[in-house]
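Reading through the structure tokens given below for one structure.
In what follows, every chain begins at residue 1, and chains take the letters A, B, ... in the order their sequences are listed. All values below were derived from every heavy atom in this structure, side-chain atoms included, with hydrogens, water molecules and symmetry-related copies excluded.
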Amino acid sequence: MQARKKYVLLGLCACCWLVLFYWGGGVQLRLLRLLTRHRGEVVRPWPNWTDRAFLPRYAHLDELQTDPGTAESPRQRRQAWSAIYKDSRCRMETCFDFTRCRRRGREGFRVYIYPSEKNDRVSESYRKILTSIGESRYYTSDPREACLFVLGIDTLDRDQLSGQFVPNVDERIRGYPLWNDGRNHLIFNLYSGTWPNYTEDLGFNIGQAILAKASLNTEHFRPGFDVSIPLFSKDHPQKGGERGWLVRNTIPPRRKYLLMFKGKRYLTGIGSDTRNALHHIHNGKDIVSLTTCRHGKDWEKHKDLVLSGSLSPEESLDSFICATCVQAACIPVLLSNGWELPFSDVIQWNQAVIEGDERLLLQVPSTVRAVGNERVLALRQRTQMLWEAYFSSVDKIVLTTLEIIKDRVFSHISRNKYMWNSLPGGLLVLPEYSTHLAHFPFYYLGLGVSPGQEFTAVIHAVSPLVSQSQPIMKLLQVVSKSKYCSQVSKTDFHRPDNIYRFLPHVAIETEAVLSLDEDTVLLTSEVNFAFLVWRSFPERIVGYPPRSHFWDPLKRAWGYTSKWTNDYSIVLTGAAFYHRYYHYLFSHYLPQSLRTLVDRTSNCEDILMNFLVSAVTHLPPIKVAQRKQYKELPSPQGTKSVPWANPEHFNQRQECVNTFANWFGYMPLVHSQFRLDPVLFKDQVSVLRKKYKDLEKA
Amino acid sequence: RIRMYATGKYSSRGPALIPRMKTKHRIYYITLFSVVLLGLIATGMFQFWPHSIESAADWSLDKRSVHDAPLVRLPVSSPIPERGDLGCRMHTCFDVYRCGYNPKNRIKVYIYPLQKFVDELGVPISSTGLSREYNDLLSAISDSDFYTDDVTRACLFIPSIDVLNQNSLRIRETAQALAMLPRWDKGMNHLLFNMLPGGPPDYNTALDVPRDRALLAGGGFSTWTYRQGYDVSIPVYSPLSADVELPERQPGPRRYFILSSQTAIHREYRAELERLKEENGEALLLLDKCSNLSQGAAAARKRCYKGQVYDYPQILQESSFCVVLRGARLGQAALSDVLQAGCVPVILADSYILPFSEVLDWKRASVVIPEEKLSEMYTILKSIPHRQVEEMQRQARWFWEAYFSSMKAIGVTTLQIINDRIYPYAARTYEQWNNPPVVKWSSVNSPLFLPLIPPRAPGFTAVVLTYDRVESLFRVITEISKVPSLAKLLVVWNNQNKSPPEESLWPKIGVPLKVVRTKENKLSNRFFPYDEIETEAVLAIDDDIIMLTSDELQFGYEVWREFPDRLVGYPGRLHLWDHEMGKWKYESEWTNEVSMVLTGAAFYHKYFNYLYTYKMPGDIKNWVDAHMNCEDIAMNFLVANITGKAPIKVTPRKKFKCPECTAIDGLSLDQTHMVERSECINKFASVFGTMPLKVVEHRADPVLYKDDFPEKLKSFPNIGSL
């Protein structure tokens, strides 16, 4: 019986199915279509024409290869261009005289500053800009060899209502014999136009001059010609500059506030609508909008707030707040349609900020919430990197501007985008050394390659070679026995100028350099071990004898010590591995004044090298294991006085540390508390197991 | 086993059914069934027959010819769009509201159906009509994820009017046709593709067709016509690349140093090149058309030099650098051929906006020389290091493969660029655009890349994983609590059957102590990013590691501060390649090398807890939980893979557990245990697709470790004691 019931039921079902089929055919048809569609037979909206193979080519090969060509000579065309494309249509090709920068590389790029006249008022900020250029390695006092000219007249503030406004600029610059309608001139400007609409008008005709201006509007920006710079206050440090405020990568990277806006609220003028609209996304909990109605400078009070917000929207004219924000490692959310971002030529802003459209303001909260933790972490670190590389001091802002222009002038010896956007930043990467990424110590991981397998030993010899028993002979033997050693080169200049030890010798073909003093005592296994360590840390100095610096609160100065301490910040280059690029950086990045100091005192070159490398890497050097304390054996000559025993020598070094810190604008040296030893160093294991057993012999 | 039994029971019931059914019934039901079936078939025929014509038409779009496209007649007086506004930017001329917010961050693109536009006299607006390339482009886009057939949801519109080559167009009529498009609306959000702009005599660098606010993807923009951030510069497609297959060649020095293969070079430039050749001889090869061959396809594939005939584009592979000079137009199809050959293009075209320059870093694949400096070309190129030339060759080939090789590549890249502008927060990165797959595979971008030494003050959080060894756990807690920088202690209680001891029984320590009870006894609980961990630094420690001194732990923390992106741990291990077995082997012997540190006692950044819990590739996490082993090896793999760096072993070798245990690490010596761990390494290496672990020969000790120096003056005197 049960079975029968079942089959009756089945029959009924079939009947229903039939009825459904008759009356609701459309439903099934749709169902069927949906099924076929889902089964991967994608509807092809652009038809697969039957005669597609017979369609004509868009152009004949002849037409593509045999360009019709014009009768006009290229030379004539280029001349005609400069007549057409000028003023607001300026480009490097038409408004810049390349012949002035004829000579290659650094030598060719020279910047001249017009002397300022006595009754000129020069603002604090502009004075800093001029100082930066004056101290840079591109400065020249001879206008004939200059490639770029900078005015002595303060053009930073072109707001007629401002107290710093300089009148009659037009007449004055026209009087300059070198003005040449602004060709090869660079004009700095921070504020232009006046209330209420703040136009881009500078109040004088800049002609063919390059404009380096803060808050440039894309409409007036001449791409590839002008440079957009960040706005900075008169208190912005000349050198060094504060480090970013990001000291920890806390996880999860959220802060108390998700989104905050801090700024003035204007009733009229640019961006007032957006600012008013910002109020609508304020929710008092994690999205905060703080606005003032007065023109006030009370934003400093909110420094802590900037710190606590993890993302903050920014607006066009407030690039100053943007800079603060970047320093505070909160991620700028840019809502500034039509604003050319600072150094947009070279910086990839989309890797550091969240760009939104002013028109889509109300979407901002959801956009921002959708940003993943990983991305917040990356964006935040990148803002810090940019801050430290390009914004933290007037020096950096000005040098970045100059380097951008120089890269354009010598386009085939210039940095690529990768160099500008990864650590340690474009200013520390000199394209004259090489334009190849793998030639620098910074990009191994990013390129997925590892440093070379060999090193070059450079022995700094001062005393003439007279006998076979000199320590230098022993050293030569020891070093050349290392299987990683590719060549040994000797710098015997018969002069004690220590500077020569860091000259970028063409002879050095390997990435690693082992710098040695002639009286260094080393073992082959020590050299081998240190080299392997260097390969793990190719951007740092890896060496043996450590030294340390400290702050002396009594003298209010930096101190230097060679005593045995629990930490160190310097390793002596009398025996150290480092990348060959630092040789180049030493001789071309550092100013003549420091190198003269080193030369004159024939001292401190190793401290300077440590300063340089630490300034580049922000990291301490690395000390590796060593059999016994370096240079403690009595010198074989015995009687010969060693310079480091001399107290005068020591005082000099103390002074050096302070002079160097002064030039860098901060103390780049960083302390470290460990040294690297072989894995089984002095462990209670059979000596036979140990690869570097020599290191343990007393 | 229970499940197997159950299935057996069910299947045993099956066969009994059939004999029970009586034959009478059977006939009845079979008849019923066949009636139903017949009915079904009949309805099916009835239902589908009338529709089938229509639906066939629907599905056989493929069977249509281009000539069937509907004809549209343009009245003479029909409106002409305005000339493009040079001030257009995304925020002024583009209607972003149409794109809206969408979770996929992808724009929707609509393609107008093909129509044939003719003027009042019946003359078509274009001499070619739809070209093969434009057809390829449109069908590629319609196959892509960007496509939508719903015009109301579209953010970007692509007309089916082919404007790739301006020479075949009637400018005025084409403009009128554009304006006739139903959604034209002043060209808002419309995208036009053009490769050959301008016409004689002055050859404009952008399409001359008036087009209101439409975006232009153009080949051959100059810096004056290119609207930065609005237009897209695209390559001039070379049809040769579809016909000729050039296999990829290993980068390296080639037979010629510089090759010039273009045929229509201005005589001034040719003279300049001849002069260079005279100076430098064999290194340069200057080719021109063959005079004996007439125009045509054959001529396009041959080049000659003094009567000697060379195959084009094959000859391009024989040179390190290939000159791409501007002609009347800035964009040259030769660029595509040169890139395909893996030859580094030397581009001499002042003011030219290079293809896709918004995202591609051309400095890594080409040399751009101002036209003025043509005479210095040889010296400039000679100054480029060999290794860089090789990299450029590789990069050039990769650019061609990814962005130049087909109309599909060109079209999709253009849309991706526009997509990146509209959703900048989801844009592809520089590395994604520019790194060839080989580099993408081998390079690493550490998530904690900023060289930061975090402050000492926040301290670290110790996370102790425990099951039920309460006594040993308490000893560990007491030991760790002596470390000055300890900020918090977190006990992960992994035993579900037993409650942790009462609060009063726990050792009294100076920092907060929290117990987290887990739901399941899983090893991965140790690496969960608990909210209770408020510091960056985490010390993972087993409940039986009682031998670490406070100095050793504090020193480990100090070393971690200098390497916040690495694992900093105490017991080190090594992986080795077993040549006999042809696989990886785990090694815990006393070796001179280290490639892993055990997380039985290791410092690391809390970020890696996130990665371990949420981003572990493949099924590694489940595998570890199932085997109750190797969580530390997995962590080592994870960190090494993402940072490309080796772990840091700190302090000398010693016994970490109870001194009375003879084995080094108790359990670790167990033979099967070792075999399993070797298996782990092989398993993980296959999941990661590579061996990320890095072998080093160093460990970190305090600066004055074992130095002849008074112990009491050392910061970390108690290190390495047994």
For the residue pair B:Glu697 and A:Tyr692, confirm or rule out a side-chain donor-acceptor distance under 3.5 Å. yes
Please tell me if the side chains of B:Pro370 and A:Phe98 come closer than 4.5 Å, counting only heavy atoms from C-beta onward. no
Looking only at side chains, do B:Gln388 and A:Ser434 share a donor and an acceptor under 3.5 Å apart? no
Hey, mind stepping through B:His698 and A:Ser536 against side-chain contact (heavy atoms from CB on, under 4.5 Å) and telling me if it holds? CA-CA 10 Å; B:His698 52 250; A:Ser536 295; 3.6 Å; yes
What part of B:Arg387 gets closer than 4.5 Å to chain A, counting heavy atoms only: side chain, backbone, both or neither? both
Pairwise distance CZ(B:Arg132) to OH(A:Tyr58) - rounded to 0.5 angstrom: 12.5 Å
Check this for me, if you would: do A:Lys623 and B:Asp701 make a salt bridge, where the nitrogen-to-carboxylate-oxygen distance has to be below 4.0 angstrom? no
What part of B:Leu452 lies closer than 4.5 angstrom to a heavy atom of chain A: side chain, backbone, both or neither? side chain
Honestly, the part of B:Thr591 sitting under 4.5 Å from a heavy atom of chain A is backbone
So does A:Gln65 get a backbone contact from the side chain of B:Thr263, meaning a donor-acceptor N/O pair under 3.5 Å? yes
Less than 4.5 Å to any heavy atom of chain A: does that hold for the side chain of B:Phe555, its backbone, both, or neither? side chain
Test: A:Arg382 cationic atom under 6.0 Å from B:Phe449 six-membered ring centre, within 45° of axis: yes
In terms of heavy-atom pairs under 4.5 Å, which option from B:Asn434, B:Ile111, B:Thr429 contacts chain A the most? B:Thr429
Nearest heavy-atom neighbours spanning B:Leu450 and A:Leu423: CA-CD1, 4.3 Å
Given heavy-atom pairs under 4.5 angstrom as the criterion, report whether the side chain, backbone, both or neither of B:Ala700 touches chain A. both
Across all chains, not counting sequence neighbours, the side chain to side chain donor-acceptor pair (under 3.5 Å) partners of A:Gln673 are B:Glu558
Atom CD1 of B:Ile453 and atom CG of A:Leu619: how far apart are they, to the nearest 0.5 Å? 6.0 Å
Can you label the angle between the B:Trp224 ring and the A:Trp81 ring as parallel, tilted or perpendicular, going by 30° and 60°? perpendicular
Counting heavy-atom pairs under 4.5 angstrom with chain B, the leader among A:Leu447, A:Val670, A:Leu532 is A:Leu447
Out of A:Arg89, A:Met385, A:Glu219, return the one with the most heavy atom pairs under 4.5 angstrom to chain B. A:Arg89
Cut-off 4.5 Å, heavy atoms of chain A, and the answer for B:Glu431 is side chain
Hey, what do you get for CG (A:Asp51) to OG (B:Ser65), rounding to the nearest 0.5 Å? 3.5 Å
Which atom of B:Val703 lies closest to which atom of A:Thr565, heavy atoms considered: CG1-O, 4.0 Å
When you measure from the side chain of B:Asn167 to the backbone N and O of A:Ala59, does any donor-acceptor pair fall under 3.5 Å? no
To the nearest 0.5 Å, what is the distance between NE2 (B:His67) and OG1 (A:Thr50)? 8.5 Å
For each of B:Ile369, B:Asp136, B:Leu196, tally heavy-atom pairs with chain A at distances under 4.5 Å, and name the one with the top tally. B:Leu196
Of all the heavy-atom pairs spanning A:Pro223 and B:Gln228, show the shortest one and how long it is. CB-OE1, 3.2 Å
Evaluate whether atom NE2 of A:His60 has more than 12 neighbouring non-hydrogen atoms of other residues, nucleotides or ligands under 6.0 angstrom away. no
I'd like to know if the side chain of B:Glu268 pairs up with that of A:Ser73 as donor and acceptor (distance under 3.5 Å, no hydrogens or angles considered). yes
Which portion of B:Pro200 sits near chain A, non-hydrogen atoms under 4.5 angstrom: neither
Working to the nearest 0.5 angstrom, can you tell me the gap between B:Asn135 CG and A:Leu55 CG? 5.5 Å
Would you find a donor on one side and an acceptor on the other, under 3.5 Å apart, between the side chain of B:Lys363 and the backbone of A:Arg415? yes
With no hydrogens and no angle check, is any side-chain donor or acceptor of A:Glu93 less than 3.5 Å from a backbone partner on B:Ser351? yes
Quick check with a 6.0 Å cut-off and a 45 degree axis cone: is B:Arg699 positioned over the face of A:Phe681's six-membered ring? no
What I'd like to find out is whether the side chain of A:Ile413 reaches to under 4.5 Å of the side chain of B:Ile380, using heavy atoms alone. no
Heavy-atom closest pair (B:Tyr705 atom, A:Arg675 atom, distance to 0.1 Å) is O-NH2, 3.0 Å
Given side-chain contact (heavy atoms from CB on, under 4.5 Å), test A:Leu445 with B:Lys645 step by step and report yes or no. CA-CA 9 Å; A:Leu445 281 174; B:Lys645 295 173 184 171; 3.5 Å; yes
Non-hydrogen atoms of chain A under 4.5 Å away: do they reach the side chain of B:Val236, the backbone, both or neither? both
A:His436 vs B:Ile384 side-chain heavy atoms within contact, under 4.5 Å: no
Greatest number of heavy atom pairs closer than 4.5 Å to chain A - which of B:Leu114, B:Thr92, B:Val559: B:Leu114
Inspect the contact between A:Glu374 and B:Lys615 and indicate whether a charged nitrogen and a carboxylate oxygen are less than 4.0 angstrom apart. yes
What distance separates B:Trp590 CH2 from A:Arg689 CZ, expressed to the nearest 0.5 Å? 8.5 Å
Can any side-chain N or O of A:Asp683 pair as donor or acceptor with the backbone N or O of B:Pro652 at less than 3.5 Å? no
With a 4.5 angstrom heavy-atom cut-off, which part of B:Tyr226 approaches chain A: side chain, backbone, both or neither? neither
Look at the side chain of B:Glu391 and the backbone N and O of A:Ala438, then say whether any donor-acceptor pair between them is shorter than 3.5 Å. no
Note: B:Glu371-A:Arg77 ion pair, threshold 4.0 Å (strictly below): yes
